[in-house]
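Here is the structure we will look at.
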Amino acid sequence: MLLSHKTEAAWAQDAARRFEHKLRAVRVRSAEKIPSRAVDGVHNNKADGGAYTPDDGLCWWTNGFWAGMLWQAYRMTGDEAYKEVARYTERRLDDCFRSYCGLHHDVGFMWLPSAVADYRLTADGDARRRGLHAASLLAGRFNPAGFIRAWNDIPGSEADTRGWAIIDCMFNIPLLYWASEETGDPRFRKIAMTHADTVAANFVRADGSVRHIVEFDPETGAFVRDYGGQGYAQGSSWTRGQAWGLYGFVMSYKHTGAVRYLAMAEKIAAYFIAHIPADGAIPVDFCQPEEPRWYDDIAAAVAACGLLELADLVPEKQEVYLSPALKMLHRLDDTADWDEGRDGFLCNCSADYHGREHNVNFTYGDYYFLEALLKLTGQGIFLW
Ligand code: GLY
């Protein structure tokens, strides 16, 4: 999307330029890392954690986003150094294929912005093989009762997760769309669409808000119950989940052309827009109490990306979608860490409402912030 409003266009150009300028310094410091966050301004390294720990190592679900940021910057600048650093992640993630046990449905989040991005930009054969391998793993998690299973057994928990699906998976299924587009084999797309239809029927409430976790009977596919998941409570509206739903249905529409997915994205968008606070700062959950003031910049960045896509897809409602997206992105710009000596960008991200990590940095939030800015300047690549 190229902005017609001159002041906004100049701001977006400047923000994207500032982002890339800082990233140029960060990529040197983090060249042999797979960061999931910056702590006290220094990237951590998930590549150090080993491949067998699903919640803390090489198979961590956000491990594709650092590479995604670098591929976006490579597309923006043509600077080969971005490509070299991005490929470090891609090679390291091969250990996850070997370990297998630490993997989950988030293989889309892991390999779309890493290997598939590489393949899209360079036509590299190894990258294509990795993407198709990951897609086959995701397809293998499909339960023919109608949904993709999210997680394996959760260490330390008695929960039976065989029937659990989560809204976030709307962002993993584009890996399946890509695999069908790449191979001509409809199996992957059919699985993705079956899952998306199940989500539309069981996750999206009448008011346009979405549930985080739904448990289905793993034998019949019947709805059993839902859980609040990373949100405030059962029945509440975890903002990042709303954003995954909004932008996720946009992507199902873009890949399939099925207008029911566009309608679903617009329904969730209407709910999201109606709940954006006056200052554009997105809470962790739209139903959370006034205090404590916990925010989630990631939800803002992901939702902004989805709204910018809608502004393109529904030209007669362009302003309806563009204006809240810009509001949230200006807020992110105003509150981001632009110090080139520090590794992270967004400062007000939260892992989940009841967790301990609030108003901190997460690398995947930084990724979506960059993606949104590059959508505005027309310099990005669609990685999903
Ligand atoms: N996909 C998990 C999260 O958004 O935190």
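The structure displayed is predicted, hence computed values, not measured ones. We count residues from 1, following the sequence as given. All heavy atoms count here, side chains included; hydrogens, waters and symmetry mates do not.
Connectivity analysis of hydrophobic side chains (ILVMFWY, heavy atoms under 4.5 Å, direct or indirect) links Ile154 to Trp151, Trp164, Ile166, Ile213, Tyr227. In the hydrophobic clustering (ILVMFWY side chains linked at under 4.5 Å, chained through shared members), Val39 stands by itself.
Without hydrogens or angle criteria, Arg211 side chain to Asn202 main chain gives a donor-acceptor distance under 3.5 Å. Remark: side-chain polar atoms of Asn359 are paired, donor with acceptor, to backbone N or O of Tyr295 under 3.5 angstrom. With His43 contributing its side chain and Ile34 its backbone, the two residues share no donor-acceptor pair below 3.5 Å. With Asp160 contributing its side chain and Arg162 its backbone, the two residues share a donor-acceptor pair below 3.5 Å. Looking only at distances, a side-chain donor or acceptor of His104 sits under 3.5 Å from a matching main-chain atom of Cys59. Although no hydrogens or angles enter the test, the distance criterion places a donor-acceptor pair under 3.5 Å between the side chain of Thr239 and the main chain of Pro283. A donor-acceptor pair is defined here as one N or O able to donate and one able to accept, closer than 3.5 Å; no such pair exists between the side chain of Lys375 and the backbone of Ala304. Side chain of Lys22 to main chain of Asp343: no donor-acceptor pair is present (N/O by atom type, distance under 3.5 Å, no hydrogens or angles). Looking at His255, its side chain never comes within 3.5 Å of a backbone N or O of Trp178 through a donor-acceptor pair. Not a single donor-acceptor pair under 3.5 Å links the side chain of Glu182 to the backbone N or O of Leu132.
Residues Tyr367 and Thr62 bring no donor and acceptor atom of their side chains to less than 3.5 Å of each other. The closest side-chain donor-acceptor pair between Asn348 and Trp294, if any, does not fall under 3.5 angstrom. The closest side-chain donor-acceptor pair between Arg128 and Thr183, if any, does not fall under 3.5 angstrom. For the residue pair Asn361 and Asp337, no side-chain donor N or O sits within less than 3.5 Å of a side-chain acceptor on the partner. Remark: the Asp285 side chain and the Ser237 side chain contain no N/O donor-acceptor pair separated by less than 3.5 Å. For Ser209 and Asp207, the side-chain atoms include at least one donor-acceptor pair closer than 3.5 Å. Between the side chains of Arg149 and Thr161, at least one donor N or O lies within less than 3.5 Å of an accepting N or O. Between the side chains of Tyr253 and Glu309, no donor N or O sits under 3.5 Å from an acceptor N or O. A donor atom on one side chain and an acceptor atom on the other are found under 3.5 Å apart for Tyr261 and Asp197.
Within a 6.0 Å sphere centred on CZ of Arg24, other residues, nucleotides and ligands contribute more than 12 heavy atoms. Residue His354 qualifies as enclosed at atom NE2: its count of foreign heavy atoms under 6.0 Å is above 12. Within 6.0 Å of atom CD in Glu158, 12 or fewer heavy atoms from other residues, nucleotides or ligands are found, so the atom counts as exposed in its surroundings. More than 12 heavy atoms of other shown residues, nucleotides or ligands fall within 6.0 angstrom of atom CD in Glu316. Heavy atoms of other residues, nucleotides or ligands lying less than 6.0 angstrom from CD of Glu80 number more than 12. Atom CG of Asp334 has more than 12 heavy atoms from other residues, nucleotides or ligands within 6.0 Å.
Legend: ring-ring contact (aromatic ring centres under 6.0 Å, His included) pairs involving residues 180-209, not counting sequence neighbours: none detected. Among pairs with a residue in residues 113-144, those fulfilling ring-ring contact (aromatic ring centres under 6.0 Å, His included) read Phe97-His133, at least two apart in sequence or across chains.
The pair Asp79-Arg27 meets the salt-bridge criterion, with a side-chain N (NZ, NE, NH1 or NH2) lying under 4.0 Å from an Asp/Glu carboxylate O. In summary, Glu8 and Lys6 do not engage in a salt bridge, as defined by a charged side-chain N under 4.0 Å from a carboxylate O. A salt bridge links Glu266 with Lys317: the closest approach of a Lys/Arg side-chain nitrogen to an acidic carboxylate oxygen falls below 4.0 angstrom. Between Arg98 and Asp95 there is a salt bridge, since at least one side-chain N of the basic residue sits less than 4.0 Å from a carboxylate O of the acidic one. With respect to Lys83 and Asp118, no salt bridge is recorded, no charged nitrogen being found less than 4.0 Å from a carboxylate O.
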Query - Criterion ring pair (Phe, Tyr, Trp, His ring centres under 6.0 Å) on Phe362 and Phe65, from CA distance to verdict - result: CA-CA 10 Å; Phe362 284 109; Phe65 285 99; over 10 Å; no
Query raised in the report: After noting the C-alpha distance and the side-chain angles of Arg331 and Asp297, does the key distance pass the side chain to side chain contact (heavy atoms under 4.5 Å, CB included) rule?
Result: CA-CA 9 Å; Arg331 167 90 190 186; Asp297 284 351; 5.7 Å; no
Query raised in the report: Is there a ring pair (Phe, Tyr, Trp, His ring centres under 6.0 Å) between Tyr82 and Tyr74 once you walk through the steps?
Result: CA-CA 5 Å; Tyr82 281 121; Tyr74 174 67; 7.9 Å; no
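Thr7 contributes atom OG1, which lies 10.0 Å from atom CG of Leu3 (distance to the nearest 0.5 angstrom). Distance check, rounded to the nearest 0.5 Å: CG of Asp279 to NE2 of His330 gives 14.5 Å. Separation of atoms CG (Asp366) and CD1 (Ile298) is listed at 8.5 Å; rounding is to 0.5 Å.
Contacts of Asn152 classified as side-chain contact (heavy atoms from CB on, under 4.5 Å), with partners at least two apart in sequence or in another chain: Arg141. Qualifying ring pair (Phe, Tyr, Trp, His ring centres under 6.0 Å) partners for Phe171, counting only residues two or more places apart in sequence or in other chains: Phe109, Trp244, Tyr247, Tyr368, Trp384.
Relative ring orientation between His212 and Trp238 is described as tilted, the plane-to-plane angle lying within the 30° to 60° band.
Applying side chain to side chain contact (heavy atoms under 4.5 Å, CB included) to Ile148 and the options Leu176, Thr194, Thr198 leaves one that passes, Leu176.
Tyr100 and Trp61 end up in the same hydrophobic cluster when Ile, Leu, Val, Met, Phe, Trp and Tyr side chains are linked at under 4.5 Å. Linking ILVMFWY residues whenever their side-chain heavy atoms come closer than 4.5 Å, directly or via other members, places Val259 and Met264 in the same cluster.
In this structure, Arg130 is not positioned above the aromatic face of Trp111 in the sense of NZ or CZ being under 6.0 Å from the six-membered ring centre and within 45° of the axis.
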